[in-house]
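Numbers restart at 1 for each chain; the letters A, B, ... are given by sequence-line order, proteins then strands.
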Protein chains: 2
Amino acid sequence: MHDSKEPRPHTGRRRNEAARLAILDAALELLADADGAPVSVETIARAAGVGKQTLYRWWPSKGAVLLDALTDRAAQDVPAPDTGSLREDLRQLAVATFEAAQRRPSAPALRTLVREAARDAHLAELLRVFTESRRAAVRVVLERGRERGELAADRDVDLLVDQFYGFFWYRFLLGHAPLDRSAADRLTESLLR
Amino acid sequence: MHDSKEPRPHTGRRRNEAARLAILDAALELLADADGAPVSVETIARAAGVGKQTLYRWWPSKGAVLLDALTDRAAQDVPAPDTGSLREDLRQLAVATFEAAQRRPSAPALRTLVREAARDAHLAELLRVFTESRRAAVRVVLERGRERGELAADRDVDLLVDQFYGFFWYRFLLGHAPLDRSAADRLTESLLR
DNA sequence: GAATTACCGAGACTGGTGGTCTCGTCAAGC
DNA sequence: GCTTGACGAGACCACCAGTCTCGGTAATTC
């Protein structure tokens, strides 16, 4: 009986790292340029100078490639501020989140990705996991503030988290109003009033 | 020369009203049952016992049919409360909005419609117009409250409107937390605190 | 009642999509 | 040099929005 963890050493040609990078670069580029319009697998493969099969050999679906392109190549750092002041922590989170939502190429790429996720249940689930860590960061800040007594005991943390991200996604996806520093300040103020 | 406004009286076979209703009924039904999954024109036409051309004769696109199905057959009444109290007006709006978001078949149909709109720019624009009146209702309530002095002068009405609907759509589309009466109460309280 | 007009259901067709399959080729290890 | 498995290329399938054409049919006019 073989060792189940390493039944056999790898033989044959190895994965082409250059192709992997070319695919992710092309995907991010197209995702950003599309800004909402759909991005086809054909187009990604062609732009990367790669066969479609190479793409499907390493990713299970188009959505997985797109998400990977966004997270690997344009991963925004999630700040976890801990200044000792709830108001300041939350303000920093809002500013960082809103600023990330202006940056190219990740911002238009994320917008496209969310639109793709509306039709792709698999991608929607991946995206849900991706965003969960951001939600957790806001929750941590709020609960630390509550322990310090900066948040009234009757305030609902889940409600505040959803107000924070609901507002953000609403403006980010509709684009009808700015997500600038002023908006971040006023949102923070409104939530903690 | 003929009258340019009415160049010729209508002759020939008239539009089949039964077919129109069958299409809208079928579309709403499918929209509600899909609950997120895409709805194809083929399927609608087949379910309505109608040729595809009949559908495209009267509507410019699939999205137009879907939106028509939702607005014509499941139009929710937009309440315009004016109780004299900002807190009570806003609470009533929230309760009515959240309750409408639980009702079948319009709620799952709306969810599907929004997902379709993510890929259909034409439908997205129609939907934007459709939702604008709801936003206006919230804005009116807030500004009436401000005139009565129930809203501090430094509060940003646009921010509050986006907080209201951002929260709503976020929970409605993600479905991770309830949109019940308690949530409506707590949101109102949080916004006016 | 005959001619005209325009809607009807049905379904073929186009162009584009995500995803699968197969081909001959090429690189890595034995 | 042989085996293994990744590679680019592209044929292929199923599905979809939207167009086009067909023979049939209902409403109106003469």
Residue set satisfying ring-ring contact (aromatic ring centres under 6.0 Å, His included) with B:His122, at least two apart, ordered chain then number -> none
ring-ring contact (aromatic ring centres under 6.0 Å, His included) involving B:Phe172 - partner list, sequence neighbours excluded: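 Scan of B:Phe172 (ring-ring contact (aromatic ring centres under 6.0 Å, His included), adjacent residues dropped) gives B:Phe168, B:Trp169.
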Summarise protein proximity over nucleotides 24-30 of chain D in one line of letters, 5' to 3': B for base, S for sugar-phosphate only, - for none, counting protein heavy atoms closer than 4.0 Å. BBBBSS-
Can you name the residues that form a salt bridge (charged side-chain N to carboxylate O under 4.0 Å, His left out) with B:Arg91, not counting sequence neighbours? B:Glu88, B:Asp185
Under the side-chain hydrogen bond (donor to acceptor under 3.5 Å, both in side chains) rule, collect the residues that match up with [X], sequence neighbours excluded.
| X | answer |
| --- | --- |
| B:Arg186 | A:Asp156, B:Ser182 |
| B:Arg87 | B:Glu189 |
| A:Ser85 | none |

Of all of residues 38-46 of chain B, which get a heavy atom below 4.0 angstrom from DNA chain C, listed by number? none
Per-pair distances, 0.1 Å, donor-acceptor, side chain in residues 39-46 of chain B, under 3.5 Å, sequence neighbours excluded:
from, atom 1, to, atom 2, distance (Å)
B:Ser40, OG, B:Thr43, N, 3.1
B:Ser40, OG, B:Thr43, OG1, 2.5

Within residues 49-58 of chain B, which residues have any heavy atom lying less than 4.0 Å from an atom of DNA chain D?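 Contacting residues: B:Lys52, B:Gln53, B:Tyr56.
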Strictly by salt bridge (charged side-chain N to carboxylate O under 4.0 Å, His left out), give each pair with a member in residues 93-102 of chain B just once, sequence neighbours left out. B:Glu99-B:Arg181
Side-chain donor/acceptor pairs under 3.5 Å, residues 136-144 of chain A, sequence neighbours excluded:
from, atom 1, to, atom 2, distance (Å)
A:Arg139, NH2, A:Asp158, OD1, 3.2
A:Arg144, NE, A:Asp82, OD1, 3.4
A:Arg144, NH2, A:Pro81, O, 2.8

